[in-house]
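These notes are about the structure you will find just below.
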Amino acid sequence: MIDIIDQINAVNREVGSRSAGDGEGIGVLLRRRYDAPIEDVWEALTDPDRMKRWFLPVSGDLRVGGDFQLEGNAGGRILRCEPPRLLKVTFGAETSLVELRLSPDGEDATTFELEHTVPLEMAGSGAGALYVGPGWDGALMSLGLFVVGEAGGDPVAAANSPEGQEFSRQSVHAWIAAVEASGTAGAAEIAAAAEVSMAQFAPDVDSAPDGKGNA
């Protein structure tokens, strides 16, 4: 069993306007602290044998300039790799950019940031964060469990389990709050994106708050 509320609260979420190529973009930023040294977190993020145990199998030419493919998910190109602090890739499209940033937090902990930026025309508005944010939340939770030795089994099955979907439901509501705070989308845009996000990430659970103070 995971403590869903603790896992949701472990992540700081931000949504905002960003530069994207020659135009305006929308970015989501996730920040979390891990109780593991930076070298260990970096290896979990970049070693294919470790990645498949908490995220997805990856294949391809895994070096700067090479292309990669996540099994059953997006592919892209590796743009920058500066161990153990920075990894930047395209993700699903040439204009969809994901940057991972790591910094040590003392000797035995790591601050991890993930920023995903797309052009405004792709996101539509800041509400587009609801299409990617909950998925990244799930990945950050899985990584956190893995680096402290608590992950086990198939990560995809775990995400689709009742517990995994309840985590995703609460994640969607957390991202709704982040989008609202950003002022980058209207109420109707947020509501429409939330409906799609819930159907994608938590199709088998009630989308409403649970009446116990949980979003």
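Just so we're clear, the structure is a prediction, and the values are computed from it rather than from any experiment.
Residues Leu45 and Leu102 form a side-chain contact, since some pair of their non-hydrogen atoms from C-beta on lies under 4.5 Å apart. The shortest side-chain heavy-atom distance between Val172 and Gln200 does not fall under the 4.5 Å cut-off. The shortest distance between side-chain heavy atoms of Leu62 and Pro48 falls below 4.5 Å. Looking at heavy atoms from C-beta onward, Asp40 lies out of side-chain contact with Tyr34 at the 4.5 angstrom threshold. Taking 4.5 Å as the limit, every side-chain heavy atom of Ile2 sits out of range of all side-chain heavy atoms of Glu150. Val205 places none of its side-chain heavy atoms less than 4.5 Å from the side chain of Gln170. Between Ile8 and His173 the shortest side-chain heavy-atom distance does not fall below 4.5 Å.
Applying the side chain to side chain contact (heavy atoms under 4.5 Å, CB included) test between Thr90 and each of Val98, Leu97, Ile78 identifies Leu97 as the sole match. Each of Thr95, Thr117, Ile26 was checked for a side chain to side chain contact (heavy atoms under 4.5 Å, CB included) with Met122, and the lone residue meeting it is Thr95. Checked options Arg32, Arg31, Arg33, Glu113; the residue passing with Asn12 is Arg31 (criterion: side-chain hydrogen bond (donor to acceptor under 3.5 Å, both in side chains)).
Using a 4.0 Å cut-off between charged side-chain N and carboxylate O, Asp47 and Arg53 make no salt bridge.
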Would you check, one step at a time, whether the test side-chain contact (heavy atoms from CB on, under 4.5 Å) holds for Asp137 with Phe167?
CA-CA 9 Å; Asp137 266 353; Phe167 169 85; 4.0 Å; yes
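In this structure, Val118 is not a member of the same hydrophobic cluster as Leu87, with clusters built from ILVMFWY side-chain heavy atoms closer than 4.5 Å. Linking ILVMFWY residues whenever their side-chain heavy atoms come closer than 4.5 Å, directly or via other members, leaves Met141 and Val147 in distinct clusters.
Closest of all the heavy-atom pairs between Thr110 and Ala36 is OG1-O, 2.7 Å. Between Pro134 and Leu130, the closest heavy-atom pair is CD-O, 3.4 Å. Between Val15 and Trp175, the shortest heavy-atom distance links the atoms CG2-CZ3, 3.7 Å. Across all their heavy atoms, Asp35 and Val148 have their closest contact at O-CG1, 4.0 Å. Of all non-hydrogen atoms in Trp42 and Cys81, the two that sit nearest each other are CZ2-SG, 3.7 Å. When all heavy atoms of Gln165 and Ala202 are compared, the closest pair comes out as OE1-C, 3.2 Å.
In terms of modelled atom types and a separation under 3.5 Å, the side chain of Glu189 and the main chain of Ala127 share no donor-acceptor contact. Using a distance-only test at 3.5 Å, with no hydrogens or angles considered, no donor-acceptor pair links the side chain of Ser142 to the main chain of Ala139.
Thr184 meets the side-chain hydrogen bond (donor to acceptor under 3.5 Å, both in side chains) test with Ser182; sequence neighbours excluded.
Separating the CE atom in Met51 from the CD atom in Glu43 is a distance of 12.5 Å, to the nearest 0.5 Å. Atoms CZ and CG, from Phe55 and Leu70 in turn, are 5.0 Å apart once rounded to the nearest 0.5 Å.
Evaluation of the ring-ring contact (aromatic ring centres under 6.0 Å, His included) test over residues 118-145, restricted to residues two or more places apart or in two chains, returns Phe91-Trp136, His116-Trp136.
When the shell of 6.0 Å around CD of Glu71 is examined, it contains 12 or fewer heavy atoms from other residues, nucleotides or ligands. Heavy atoms of other residues, nucleotides or ligands lying less than 6.0 angstrom from CD of Glu163 number more than 12.
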